[in-house]
Student: 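First the structure, then my questions, so here it is.
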Amino acid sequence: MVRQSQLFIPTLREAPADAEAISHKLLVRGGYIRQVAAGVWTFLPLGWRVHQKVVQIIREEMDAIGGQEMLMPVLTPYELWQQSGRDAIPEIFRLQDRAGREYVLPMTHEETITFHAKEIASYRQLPQLLYHFSIKERDEPRSRGGLLRLREFIMKDAYSFDRDEAGLDVAFRNNDRAYRRMFGRAGIEYSAVQAESGMMGGKESIDFLAPSGSGENTLVTCENGDYAADLEVALGIPRTPDFPPAHDAPKEVATPGATTIEALAEQLGIDAAATSKAMPVVTTGGKLVLGLVRGDDRLSEPKMLGTLGSDYRPATEEEIRGAFGAGGGSLGPIGIEIEVVADEALRDGHFVAGANRDGWHLLGVEAGRDYAPRFSDIREARDGDRCPTCGGGLHFQTAIEVGHIFKFGSRYSEPLGASFLDEDGIEKPLIGGSYGVGPARVMAAAVEQHHDENGIVWPTTLAPYDVHVLSLDGGSNEVRTRAEELAATLAAAGLDVLFDDRDERPGEKFADADLIGCPVRVIVGKKTLDDGAADVRRRDGSSEERVAIADVLKWVRQD
RNA sequence: CGGGGCGUAGCUCAGCCUGGUAGAGCGCCCGCUUUGGGAGCGGGAGGCCGACAGUUCAAGUCUGUCCGCCCCGACCA
């Protein structure tokens with residue numbers, strides 16, 4: 001039992017003016033966290049308790065699948081990152097010591113764990129699953145939203161090593177299961193979706209997205225529950241366009257001043273979905289490519305990146321002039337020398353396209369007949385699309401990425417030289433996977449998903465304390481004593497008890513208790529003692545009643 | 001890195017346009033009263049007005065540069 005009068009729980013009546021996300025506001029107001037610099041936060045005692053509860057859940061689930069906890073340092077020799085090639089990532093923090101030796105403050109620990117994995121010499125020592133909780137540093141160009149995106153944060157990162165892909169499959173599935181269990185225990189609603197592995201350089205990967213009022217990802221789900229994906233890779237079946245009459249060959253039409261799809265569709269009196277939109281881009285290799293999507297669609301940058309196999313940028317005015325002989329707004333796929341990547345939605349039907357002549361468009365352009373594109377899914381799924389699995393409606397929700405697991409194979413073991421001798425006597429690279437989860441993001445997601453207008457409603461597994469006992473003594477020693485006895489009794493029974501013994505008025509204690517959000521609130525006051533009782537209430541509003549002091553423990557423990 | 005916004009008391013903010021002794025509410029400290037949903041009265045503490053450089057008799061206020069923070073975008077295991 002701890003006395004609130006002696007704790008550092010600086011609750012605030014008002015949220016900081018610049019806070020937008022609910023979790024940001026409530027965690028700051030509740031005295032859980034404080035900002036030190038952009039994207040850099042302190043966990044105050046209450047916040048650290050919650051963080052540690054999340055950590056313990058993760059630890060138990062990792063241990064349950066054979067994970068071995070360890071700890072790798074933050075300060076890491078730069079050479080390791082040179083060997084993996086990740087030294088080129090702009091987000092890494094670098095520094096030098098006084099002798100000029102260079103270090104990296106890691107964003108993850110693949111390099112370091114692989115450095116240790118070099119001690120694995122034989123297939124007899126495999127598989128291995130190692131993990132740690134440690135501070136990650138990322139020079140994010142833009143942090144935001146309280147705990148949603150930090151520049152420094154603690155992550156549980158686990159690494160598996162196996163002798164082959166089959167072994168990796170097993171490790172991957174085990175971690176997937178462990179993740180589902182840990183998020184379930186943390187009271188988080190989430191979807192496991194296929195995702196891009198991004199800068200980790202992986203193959204298969206699964207993202208765990210928790211729907212939230214604020215977040216960095218968009219979760220796309222089918223109303224029938226048979227499809228879930230991150231917007232970046234989500235497939236959607238677009239509606240069928242309302243096509244105008246077809247033509248035997250493209251027919252030129254004057255469209256003066258129509259440089260946007262809206263203007264074009266209006267001028268021609270047609271459905272915007274029956275037009276095509278041309279997006280000329282230049283790859284890092286300097287190659288000009290025309291991306292073509294339906295007029296009502298947006299080009300998906302991650303998909304385009306995947307299709308091109310390289311980063312790219314929009315083409316400049318001069319580059320466009322040179323290649324198309326026309327300016328933006330009148331570009332199309334016909335009569336040009338450059339490669340055309342057309343979205344799948346343009347495969348069937350006849351569309352209006354730019355004529356590559358300023359102020360003119362072409363009616364009835366058909367892929368295959370009039371131009372020969374490379375088809376690829378490069379459109380961003382959007383509201384109104386149908387599910388690719390069952391045709392049901394798709395929902396789009398903002399979400400927090402609370403975990404990400406992926407296979408990296410020999411991505412690190414080869415460059416770092418981590419190999420083992422297999423049963424057949426052949427030296428082979430270790431086959432690895434990484435499994436990351438951010439406890440702070442789990443906290444933020446829990447708050448985003450569980451709160452009301454008065455404050456946080458913690459899942460019981462994450463709450464900083466199980467029971468919040470309020471002494472409404474108004475200066476009465478007898479009431480204070482009885483309240484403290486009850487708090488001590490509950491604590492002796494194994495519950496984490498926060499005892500509000502502060503010399504504050506009732507209203508303030510109620511407000512703070514709601515804000516902090518412990519699952520059970522127990523009030524001892526003059527009124528209740530007259531009945532030899534206490535008022536008990538669950539924070540989620542499911543029950544509230546007056547029970548005899550002797551029965552409080554039983555009440556707390558039921559359901 | 002582009003666009004926008006904001007830096008004044010612990011917090012939320014006025015004051016800046018039109019230069020002239022730095023303010024309010026909440027919080028904090030003391031006293032009295034009060035005590036079941038953020039009390040009342042009285043007294044009090046608390047400021048390098050983000051930094052630097054200009055303009056001026058005089059700068060929180062005008063000008064410039066820089067720094068910090070937030071939001072949108074770019075970016076992002």
Student: For A:Lys156, give me all partners under side-chain contact (heavy atoms from CB on, under 4.5 Å), at least two apart in sequence or on another chain.
Tutor: A:Ile58, A:Met62, A:Tyr131, A:Phe133, A:Ala158, A:Tyr179, A:Tyr435, A:Val437
Student: Considering only residues two or more places apart or on different chains, which pairs with a residue in residues 171-184 of chain A satisfy salt bridge (Lys or Arg N to Asp or Glu O under 4.0 Å)?
Tutor: A:Glu61-A:Arg181, A:Asp176-A:Arg180
Student: Using heavy-atom distances to pick each residue's nearest nucleotide on RNA chain B, tell me which of A:Gly438 and A:Val36 is more 5'.
Tutor: A:Val36
Student: Would you say A:Val479 and A:Val524 make side-chain contact, with heavy atoms under 4.5 Å?
Tutor: yes
Student: Please report the distance separating the P of B:G7 from the corresponding atom of B:U12, rounded so that it comes out in whole Å.
Tutor: 12 Å
Student: Only pairs with both distances under 3.5 Å count, Watson-Crick or wobble alike; so what is the partner of B:C26 in this structure?
Tutor: B:G10
Student: Over all strands shown, is A:Ala15 touching base, sugar-phosphate only, or nothing at heavy-atom distances under 4.0 angstrom?
Tutor: sugar-phosphate
Student: Return the set of residues passing side-chain contact (heavy atoms from CB on, under 4.5 Å) with A:Arg505 (not counting sequence neighbours), or none when no residue passes.
Tutor: none
Student: For A:Asp535 and A:Thr528, which I'm curious about, is there any donor-acceptor pair between the side chains at under 3.5 Å?
Tutor: no
Student: What interatomic distance, in whole Å, is found between P of B:G25 and the corresponding atom of B:C17?
Tutor: 25 Å
Student: For every nucleotide of nucleotides 32-41 of chain B, 5' to 3': is a protein heavy atom under 4.0 Å from its base (B), only from its sugar-phosphate (S), or from neither (-)?
Tutor: --BBBBBB--
Student: Could you check which nucleotide pairs with B:U21 in any of the strands shown, counting Watson-Crick or G-U wobble with both distances under 3.5 Å?
Tutor: none
Student: Can you tell me, in whole Å, how much space there is between the C1' of B:G60 and that of B:U8?
Tutor: 7 Å
Student: Using a 4.0 Å heavy-atom cut-off across all strands, classify A:Pro16 as base, sugar-phosphate, or nothing.
Tutor: sugar-phosphate
Student: In the strands shown, is B:C41 matched to any nucleotide by a Watson-Crick or G-U wobble pair with both distances under 3.5 Å, and which?
Tutor: B:G31
Student: Using side chain to side chain donor-acceptor pair (under 3.5 Å) as the criterion, list what pairs up with A:Glu544, not counting sequence neighbours.
Tutor: none
Student: Across nucleotides 2-9 of chain B, 5' to 3', mark each nucleotide with B, S or - according to how protein heavy atoms within less than 4.0 Å reach it.
Tutor: --------
Student: Can you sort out the partners of A:Met72 under side-chain contact (heavy atoms from CB on, under 4.5 Å), two or more places apart, ordered by chain and number?
Tutor: A:Met70, A:His109, A:Thr112, A:Ile113, A:His116, A:His132, A:Tyr159
Student: Using both distances under 3.5 Å as the test, list the Watson-Crick or G-U wobble partner of B:C75, or none.
Tutor: none
Student: Which base, if any, makes a Watson-Crick or G-U wobble pair with B:A51, both distances under 3.5 Å?
Tutor: B:U65
Student: Take atom P in B:G42 and the same atom in B:A24, then report the distance between them in whole Å.
Tutor: 14 Å
Student: Under 4.0 Å, counting only non-hydrogen atoms across every strand here, what does A:Tyr435 touch: a base, just sugar-phosphate, or nothing?
Tutor: nothing
Student: Give every residue pair that meets the salt bridge (Lys or Arg N to Asp or Glu O under 4.0 Å) criterion with at least one member in residues 28-46 of chain A, sequence neighbours excluded.
Tutor: none
Student: Tell me, please, which residues at least two apart from A:Asp18 pass side-chain contact (heavy atoms from CB on, under 4.5 Å).
Tutor: A:Pro16
